[in-house]
2 protein chains.
Amino acid sequence: MSKCEQCIVREFSSLKALNKEELVKLAECKTSRLVKKGEVIFEEGENVNGIFCIKDGVCKLTKLSPNGKDHIVKLVTKGELLGQRSMISEEPVNLSAVALEDMQVCFIPKSEIMGFFDKNNQFSMNVMRTICGDLKDADSQMVNMAQKTVKQRLAETLLYLQDTFGKNEDGSLKIQLTRDELASMIGTATESCIRLLSDFNKLGLIELKAKKITLKNIPQLKKMV
Amino acid sequence: MSKCEQCIVREFSSLKALNKEELVKLAECKTSRLVKKGEVIFEEGENVNGIFCIKDGVCKLTKLSPNGKDHIVKLVTKGELLGQRSMISEEPVNLSAVALEDMQVCFIPKSEIMGFFDKNNQFSMNVMRTICGDLKDADSQMVNMAQKTVKQRLAETLLYLQDTFGKNEDGSLKIQLTRDELASMIGTATESCIRLLSDFNKLGLIELKAKKITLKNIPQLKKMV
DNA sequence: TATAAAATATGATATATATCATATAAATGA
DNA sequence: TCATTTATATGATATATATCATATTTTATA
């Protein structure tokens with residue numbers, strides 16, 4: 001069992017408020033797990049009795065819409081926590097979490113977290129702020145979905161992906177989503193997404209080669225949003 | 001200055017966790033205000049140094065989209081609190097609040113609320129649960145906007161309005177939204193909204209008379225969603 | 001009450017997007 | 001390495017929705 005004290009990732013989440021003693025307790029009760037690309041961490045409707053801390057990798061949070069399509073609500077990456085909302089609401093999770101790449105994930109049981117909640121004010125404030133940030137983002141995404149065109153949403157999403165996950169040495173987006181996944185982030189049909197990418201390519205806004213997407217004209221992409 | 005102790009509305013919000021002593025303190029520092037229909041309570045980007053408690057009436061929370069249209073993110077009614085997210089995040093509000101009917105609203109300064117936060121665990125837990133509920137709703141609305149047709153969203157919204165705000169003696173929806181507002185809740189053009197209402201009317205799903213909307217075939221409306 | 005302004009309604013048309021079909025390319029696995 | 005599956009791409013077409021125009025009704029106001 002590795003020590004949480006030495007885990008750098010903790011510095012990026014609400015857990016940074018924990019003191020040495022609390023971190024020792026945490027290390028004792030947490031369980032670590034490797035999650036392969038494509039593997040499910042938890043599924044909509046499940047009871048998850050605790051939270052997950054992402055040590056490495058990226059996953060998607062999806063929600064099944066009544067028409068049977070999955071919609072990607074959020075991407076979550078190294079340093080972030082999963083399952084906080086569900087734990088606080090004492091409800092099943094409302095989203096599924098699926099690994100987009102191989103991941104290292106730690107699970108912290110609810111009892112432990114609730115203890116920190118009671119005793120460490122800074123920790124609970126951090127959690128609250130995170131959830132408030134999520135709410136603000138969700139509201140703004142809701143408005144995007146309702147009011148922007150698919151083209152605008154695609155441009156915005158490409159910019160977001162580069163901003164958040166960076167680029168490879170060749171300049172292409174570091175995070176690898178299938179066209180299908182990209183479509184279910186922006187809320188459109190896969191073919192429409194592919195077609196628009198193709199249009200963007202022809203316009204010189206992006207470059208497509210062998211599945212890799214490279215943003216070529218960022219000012220122009222920004223202007224579209 | 002009326003006493004918060006005797007205000008029934010408080011029982012419906014996070015404030016129900018406050019004890020007598022805290023309620024007396026609250027009554028001393030709060031300010032009350034009448035808000036006329038159409039009046040703005042606060043505007044996107046503003047710094048609101050506290051939270052509002054709605055004693056009576058309903059307001060809409062809107063967000064301006066880049067195309068210049070307002071989108072209604074949420075309706076908030078008697079018993080609910082406004083501005084919690086912004087206060088916790090220590091950020092300007094991300095939404096505007098506009099009265100849909102005449103309202104009675106109390107303002108509670110941030111300092112007071114933060115005091116309750118520190119000392120009353122049940123209160124902060126209540127606030128957290130409310131925000132978690134908002135986040136869940138927002139995620140689900142986001143998916144609705146992205147994946148459902150305008151027709152489905154209209155049906156769903158009509159059912160929601162009746163569920164949440166009830167109906168008049170004549171059976172029509174109690175809450176009075178303009179077509180324009182209804183359109184900006186479901187994320188469509190005003191004309192499209194009017195047209196679909198007209199279609200629903202012809203199909204016997206609803207009845208339109210003199211601005212009043214009456215749901216006539218709820219099972220069928222539910223089936224559409 | 002008369003008049004202006006705003007809200008609702010509906011038609012005609014344009015546009016964005018989804019769907020269905022099929023081709024090609026890439027990835028996977030025996 | 002070849003065969004099979006899966007992902008990407010593109011055309012043709014259908015459909016949903018937006019936009020523009022105009023009429024009618026309702027509401028506000030002088």
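Throughout, a chain's letter reflects where its sequence line sits, starting with A, and its residues are numbered from 1. The figures that follow rest on heavy atoms only: side chains count, while hydrogens, waters and symmetry mates do not. What you see is a predicted model; the values in this text were computed from it and never measured.
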Under 4.0 Å between a side-chain N/O of B:Thr178 and OP1 or OP2 of C:dA7, yes or no?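 So the side chain of B:Thr178 is outside the cut-off, no N or O lying under 4.0 Å from OP1 or OP2 of C:dA7.
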
Would you say B:Ser198 reaches C:dT10's phosphate, i.e. side-chain N/O to OP1/OP2 under 4.0 Å?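 Yes, B:Ser198 has a side-chain N/O under 4.0 Å of OP1/OP2 on C:dT10.
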
Would you say B:Asp70 and B:Ser184 are linked by a side-chain donor-acceptor pair, where the criterion is simply a distance under 3.5 Å?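 There is no such pair (donor and acceptor under 3.5 Å, judged by atom type) between the side chains of B:Ser184 and B:Asp70.
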
I'd like to know if the side chain of B:Asn94 pairs up with that of B:Glu44 as donor and acceptor (distance under 3.5 Å, no hydrogens or angles considered).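 Per modelled atom types, B:Asn94 and B:Glu44 side chains form no pair under 3.5 Å.
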
Measure from [atom1] on [X] to [atom2] on [N] and round the result to the nearest Å.
X	N	atom1	atom2	value
B:Asp199	D:dA16	CG	P	11 Å
B:Leu196	D:dT15	CG	C1'	13 Å
B:Leu208	D:dT26	CG	C1'	15 Å
A:Arg179	C:dA26	CZ	P	12 Å
A:Gln152	C:dT17	CD	P	9 Å
A:Ile194	C:dA25	CD1	P	15 Å
B:Leu177	C:dA7	CG	P	13 Å
B:Gln147	C:dT19	CD	P	10 Å

Of B:Ile72, B:Val98, B:Leu75, which is the lone residue that meets side chain to side chain contact (heavy atoms under 4.5 Å, CB included) with B:Glu181?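 Of B:Ile72, B:Val98, B:Leu75, side chain to side chain contact (heavy atoms under 4.5 Å, CB included) with B:Glu181 is met by B:Ile72 alone.
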
Can you find an N or O donor on one side and an acceptor on the other, under 3.5 Å apart, linking the side chain of B:Arg195 with the base of D:dT19?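 A donor-acceptor contact between them is present.
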
Is it true that A:Lys74 and A:Asp134 make a salt bridge, defined as a side-chain N closer than 4.0 Å to a carboxylate O?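 Counted as a salt bridge, because a side-chain N and a carboxylate O are separated by less than 4.0 Å.
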
Side chain of B:Thr188 - closest among D:dT17, D:dT8, C:dT10: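 Nearest listed nucleotide: D:dT17.
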
What does A:Thr190 touch in the nucleic acid at a heavy-atom separation under 4.0 angstrom: a base, only the sugar-phosphate, or nothing?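 Answer is nothing: A:Thr190 stays at 4.0 Å or more from every strand.
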
Hey, does B:Val9 have a side-chain heavy atom less than 4.5 Å from the side chain of B:Cys53?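 Yes. Closest side-chain heavy atoms under 4.5 Å.
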
Pick the nucleotide of DNA chain D nearest each of A:Glu191 and A:Lys211; which residue has the one closer to the 5' end?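 The answer here is A:Lys211.
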
Report the residue (A:Cys193 or B:Asp180) whose heavy-atom-nearest nucleotide on DNA chain C is the more 5′ of the two.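 Final value for this comparison: B:Asp180.
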
